[in-house]
K.L.:
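Mind looking over this structure? Questions follow.
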Amino acid sequence: FCCDVNNIVLVELRVEDESGNVNYCMVEAEVQDKLAPAILCPADKTLDCFADYNDISLVGEATATDNCPGVSISSFDVVNIDNCGEGTVVRTYTATDAGGLTATCTQIITLVNNDPFNASDIQWPLDYESNTCGAGLEPSDLAAIYAEPIITEDACDLVAFTYEDLVLPIAAPACVKILRTWIVIDWCQYSTDDPTGDGYYTYTQELKILNS
């Protein structure tokens, strides 16, 4: 029986001839488990990049059976996920039975960004006009709707922005006009091979000071 694995049990051998003569002897037998467990991995999974790949309700878990009770399951992850939360987790499950025999299987969990950052996630600042000479025109001087882009991003985006000003002195009634070019980059999509491609957005805001 399985409870005898790795133990020595006494086996009685009985020999009988055609005349009915009988003899016995006792033999020590070491009981060994020769059958490795059987293990079944959950199916490969694809999840949103912000999902918890350790949540077994999302990715499942391995099951194992063995000819003897006492099988245990462990797992080991090889994680290859970038700063944007995308990549793969290779999860290897190992089933070990009471006799030390093992079996393994592998699940691949892929993390992807199903809702990448795009232009609709940017609320550009409104154009600004004032008749107050000497008014500050830095973003920190302006109300929020004029100050800078309002960005909507999630854990799978890496968004940064900056601006460049072109200052134009203008004759009356205007005093000055600034063309402020905003540049927004999502580093999860941006590539230097295509600097104005995916992940690159620009907008020009006009700021005017009028002489009233």
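Reckoned from all heavy atoms, side chains included, excluding hydrogens, waters and symmetry mates.
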K.L.:
Under 3.5 Å, is there a donor-acceptor pair between the side chain of Gln205 and the main chain of Tyr146?
P.N.:
yes
K.L.:
Taking less than 2.5 Å as the test, are the sulfur gamma atoms of Cys105 and Cys41 close enough?
P.N.:
yes
K.L.:
Does Asn83 CG have over 12 foreign heavy atoms under 6.0 Å away?
P.N.:
no
K.L.:
Given the rule in the side-chain contact (heavy atoms from CB on, under 4.5 Å) test, do Val89 and Ile81 qualify, once you have shown the distances and angles that lead to the verdict?
P.N.:
CA-CA 8 Å; Val89 178; Ile81 298 175; 3.9 Å; yes
K.L.:
Does Leu137 reach the side chain of Tyr128, with side-chain heavy atoms less than 4.5 Å apart?
P.N.:
yes
K.L.:
Should Leu13 and Val9 be regarded as members of a common hydrophobic cluster, given that ILVMFWY residues are connected when their side-chain heavy atoms come within less than 4.5 Å of each other, either directly or indirectly?
P.N.:
yes
K.L.:
Between Pro125 and Trp182, is there a side-chain heavy-atom distance shorter than 4.5 Å?
P.N.:
yes
K.L.:
So Leu168 and Lys208, side-chain contact (heavy atoms from CB on, under 4.5 Å) or not? Walk me through it.
P.N.:
CA-CA 10 Å; Leu168 304 171; Lys208 299 177 184 177; over 6 Å; no
K.L.:
Scan Leu58, Asp77, Thr110 and name whichever one has a side chain to side chain contact (heavy atoms under 4.5 Å, CB included) with Tyr53.
P.N.:
Asp77
K.L.:
Can you tell me how far CD1 of Ile150 sits from OG1 of Thr152, rounded to the nearest 0.5 angstrom?
P.N.:
8.0 Å
K.L.:
Under the criterion side-chain contact (heavy atoms from CB on, under 4.5 Å), I'd like the reasoning laid out for Tyr203 against Ile122: C-alpha separation, chi angles, the key distance, then a yes or no.
P.N.:
CA-CA 10 Å; Tyr203 176 79; Ile122 306 171; over 6 Å; no
K.L.:
Might you point out which heavy atoms bring Asp154 and Asp115 nearest each other, and give the distance in Å?
P.N.:
OD2-O, 4.0 Å
K.L.:
Return yes if some donor-acceptor pair links the side-chain N/O of Asp127 with the main-chain N/O of Glu206 below 3.5 Å, else return no.
P.N.:
yes
K.L.:
Indicate the atoms forming the closest heavy-atom contact of Ala119 with Tyr201, along with that distance.
P.N.:
N-CE2, 3.6 Å
K.L.:
Once you round to the nearest 0.5 Å, how far does OG of Ser130 lie from CD1 of Ile209?
P.N.:
4.5 Å
K.L.:
Group every Ile, Leu, Val, Met, Phe, Trp and Tyr by side-chain heavy-atom contacts under 4.5 Å, then state whether Leu142 and Val167 land in the same group.
P.N.:
yes
K.L.:
Give a yes or no on whether the backbone of Asp193 and the side-chain of Ser191 come within a donor-acceptor separation of less than 3.5 Å.
P.N.:
yes
K.L.:
With hydrophobic residues grouped by side-chain heavy-atom distances under 4.5 Å, do Ile108 and Val112 end up in a single group?
P.N.:
no
K.L.:
I need the minimum non-hydrogen distance between Thr106 and Val90, along with the two atoms involved.
P.N.:
CG2-CG1, 3.5 Å
K.L.:
Would you compute the distance between atom CG of Asn23 and atom CZ of Arg14 and round it to the nearest 0.5 angstrom?
P.N.:
10.5 Å
K.L.:
Should Val11 and Val5 be counted in the same cluster of Ile, Leu, Val, Met, Phe, Trp and Tyr side chains packed under 4.5 Å apart?
P.N.:
yes
K.L.:
Going by the rule salt bridge (charged side-chain N to carboxylate O under 4.0 Å, His left out), which residues pair with Glu12 if we only count those two or more places apart in sequence or in a different chain?
P.N.:
none
K.L.:
Please tell me if the side chains of Pro195 and Tyr190 come closer than 4.5 Å, counting only heavy atoms from C-beta onward.
P.N.:
yes
K.L.:
What's the shortest heavy-atom distance between Ala98 and Pro69, and which atoms?
P.N.:
CB-O, 3.9 Å
K.L.:
Would you name the heavy atoms of Cys84 and Leu158 that are closest together and state the gap between them?
P.N.:
SG-CD1, 4.0 Å
K.L.:
For residues Ser19 and Asn21, is any side-chain donor paired with an opposing acceptor at under 3.5 Å?
P.N.:
no
K.L.:
With Ile151, which of Asp157, Asp186, Val159 fulfils side chain to side chain contact (heavy atoms under 4.5 Å, CB included)?
P.N.:
Val159
K.L.:
Does the Asp48 side chain pair with the main chain of Phe50, one donor and one acceptor, at a distance under 3.5 Å?
P.N.:
no
K.L.:
Give the C-alpha distance, both sets of side-chain angles, the deciding distance and a yes or no for side-chain contact (heavy atoms from CB on, under 4.5 Å) between Glu61 and Ile73.
P.N.:
CA-CA 10 Å; Glu61 57 184 336; Ile73 300 176; over 6 Å; no
K.L.:
Using only atom types and a distance under 3.5 Å, with no angle test, would you say the side chain of Gln107 pairs donor to acceptor with the backbone of Ala43?
P.N.:
yes
K.L.:
Can any side-chain N or O of Asp97 pair as donor or acceptor with the backbone N or O of Gly100 at less than 3.5 Å?
P.N.:
yes
K.L.:
Report yes if the side chains of Thr204 and Arg180 come closer than 4.5 Å at any heavy-atom pair, otherwise no.
P.N.:
no
K.L.:
Hey, any chance Phe117 and Ile185 share a hydrophobic cluster, counting ILVMFWY side chains that come within less than 4.5 Å of each other, even indirectly?
P.N.:
no
K.L.:
Rounded to the nearest 0.5 Å, what's the gap from CG on Leu35 to CG on Leu101? Could you check?
P.N.:
8.0 Å
K.L.:
Give a yes or no answer on whether the side chain of Asn80 reaches the backbone of Thr88 with a donor-acceptor pair at less than 3.5 Å.
P.N.:
no
K.L.:
Are there over 12 heavy-atom neighbours, none belonging to Glu153, within less than 6.0 Å of that residue's CD?
P.N.:
yes
K.L.:
Once you round to the nearest 0.5 Å, how far does CD of Glu129 lie from CG of Leu207?
P.N.:
10.5 Å
K.L.:
Please state whether the sulfur gamma atoms of Cys156 and Cys188 sit closer than 2.5 Å to each other.
P.N.:
no
K.L.:
Under the side-chain hydrogen bond (donor to acceptor under 3.5 Å, both in side chains) test, which residues partner Asn7, sequence neighbours left out?
P.N.:
none
K.L.:
NZ/Lys45 to CG/Leu111 distance, rounded to the nearest 0.5 angstrom?
P.N.:
13.5 Å
K.L.:
Quick check: closest heavy atoms across Pro37 and Ala95, and the distance to 0.1 Å?
P.N.:
CG-O, 3.6 Å
K.L.:
When you compare the side chain of Thr63 with that of Thr65, does any pair of heavy atoms fall below 4.5 Å?
P.N.:
no
K.L.:
Among residues at least two apart in sequence or on other chains, which ones pass ring pair (Phe, Tyr, Trp, His ring centres under 6.0 Å) with Tyr200?
P.N.:
none
